[in-house]
Amino acid sequence: MTRNVDVSGLVDTAGGLLDRAIFTDDRIYRQELRRVFAPSWLFLAHTDQFHKPGDFFTTYMGEDPVIVTMDKHRRIRAYLNSCRHRGARVCRADFGATRNFTCTYHGWSYDLEGKLVSIPNRDGYPESFKAGDWGLVEVPHVDSYHGLVFGTWNPQPVSLRESLGDMAWYMDAMLDHDPEGTAVVGGVHKWVLEGNWKLAAEQFATDWYHVNMSHASALMLLSPIGKGPKDEIVHRTGRQYVDPNGHGAGFPVHPKNRFDARTVHQWMDYDALRARLGDARVEGPLTNGHATVFPNFSYLPVNGSIRIWHPKGPDRMEVWAWTIVDKSMPPEVREAQRLYNLRTFGPSGIFEQDDGENWSEVQAVSNGFITNGVPLNYQMGMGSEREDGRFPGTTSELYSDAAGRSFYARWRELMNTPAWHEGGDR
Amino acid sequence: MSTGIRVASLEDIPEGEGIAVAKDVTGTADDIALLRDYDGSVWALDDTCTHETASLADGWVEGGYVECPLHSSKFCLKSGEVQGLPATKSTCPHRVEIRDGEVYLFPNEAP
């Protein structure tokens, strides 16, 4: 008996059509956890969250709870957050510092290397019981790219760097301004939305199109008092990066692209950035834009927002969002970036609320029987994909569904490919 | 009268934490944990938790108590008396003196 769904008929990237079942079907959702999330590199945390052995942060890989921590050799490692005895989480805190992870159910305790180091009533177990066999399940591969920590359950993955491909060039436009790197300010904002995780991930990969309509009120608010919205803001031209591994990024291109927050803008040395990162990046993805690293990590260069869309069933997601800053930024510039992020793309930010409303709207109606059978249109920019000689890899127009089609092509490929854990069973 | 054993400088022990002094230094049956509270005071207890094998020097020190890092048993820093499960037996306290920023231990003397 096969439990897998062939999704070929649900994603027509050549025709630019999507079946809404991919947002609503529970079997498809559980297959995603097995075949999309389990084998992929997933974002875990920022390196700045770990300064000394025992610092930890708890998060999820798909729906699997994991602990990310720094061990005694200062290596960042990740473990399944589930006791080997009866399965409760061995760490219930969001973040902190510890010596051991002790299950609050019966007290099995694990050290920072995941080893089982204390078993109450140890003498009650048979001689055949070996504590060494019952350590925490470790995430086999954890790696970082410019401060972003990723992990994968895939025992033989392509390297993180290789899986990012040309996307790394676009990520560097945000992560590599500063030779010192980036730091996290404040904690992690978390909020729950009705909506399939792909609605958010896809939008950040491919969708500048919604900006003028969905965010009209926010754009008006940001316009100088007494002046209407500028034509050059509404009619922006730019490029959209289309990655074969499903990543995507879109950005306006203009010689005078600037950070929106005035204090941040004034602090930035654009000439130095041109020397460091090149004109194409400074005039393109450095400032304004959107991006998704497949499957569920996204970011916004304009305000240092990095976020993960945690799947919580086919119709629900949790958004976990960090604000990052350049390490060299003085306190007042960090604070300006933090506040700008909070006001625009924090949980109650003037832009973020518009996006969440759209995703929840799309999800809420998709369970209708007739509605669910009416396909969605992803045809914008078909045939526009090309290498333009300025931006690496394949790019399309700023207003395009090209990166979305590529996102879903990658999703379809993974969904139809047995993962390592299936042992050849389709 | 003994002048004690100089075992550490005060600055070696961060507030809220502890360090263990080996039993071949202290001459006691167990290692001894030096534990520094947030008021700056330093206390000494037998290092091994009376519940399971865990070092109290790795524990959390606050408000006159040390909490075991494994199962959260609590002991009074001054008396060694057990304050909460899963441990049920008290641990042994030792006297500590601080002179000129140096920590002197008096094994098996009551604080």
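So you know, we letter chains A, B, ... as the sequences are listed, proteins then strands, and number each from 1.
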Near A:Trp134 CH2, under 6.0 Å, is it more than 12 heavy atoms from other residues, nucleotides or ligands? no
Using a cut-off of 6.0 Å, state whether more than 12 heavy atoms not belonging to A:Arg122 lie near its atom CZ. yes
What option among A:Asp111, A:Ile119, A:Thr104 has the most heavy-atom pairs under 4.5 Å with chain B? A:Ile119
CD/B:Glu62: more than 12 non-hydrogen atoms of other groups inside 6.0 Å: no
Determine whether more than 12 heavy atoms belonging to other residues, nucleotides or ligands lie under 6.0 Å from atom NE2 of A:His189. no
Let me confirm one number: the OG-NE2 distance from A:Ser109 to B:His71, rounded to the nearest 0.5 Å. 5.0 Å
Side-chain (A:Thr102) to main-chain (B:Leu70) donor-acceptor, under 3.5 angstrom: yes
If you count the non-hydrogen atoms of other residues, nucleotides and ligands that lie under 6.0 Å from CZ in A:Phe129, is the total more than 12? yes
Between B:Pro69, B:Ser72, B:Pro86, who has the most heavy-atom pairs with chain A when the cutoff is under 4.5 Å? B:Pro69
When you measure from the side chain of A:Arg99 to the backbone N and O of B:Asp58, does any donor-acceptor pair fall under 3.5 Å? yes
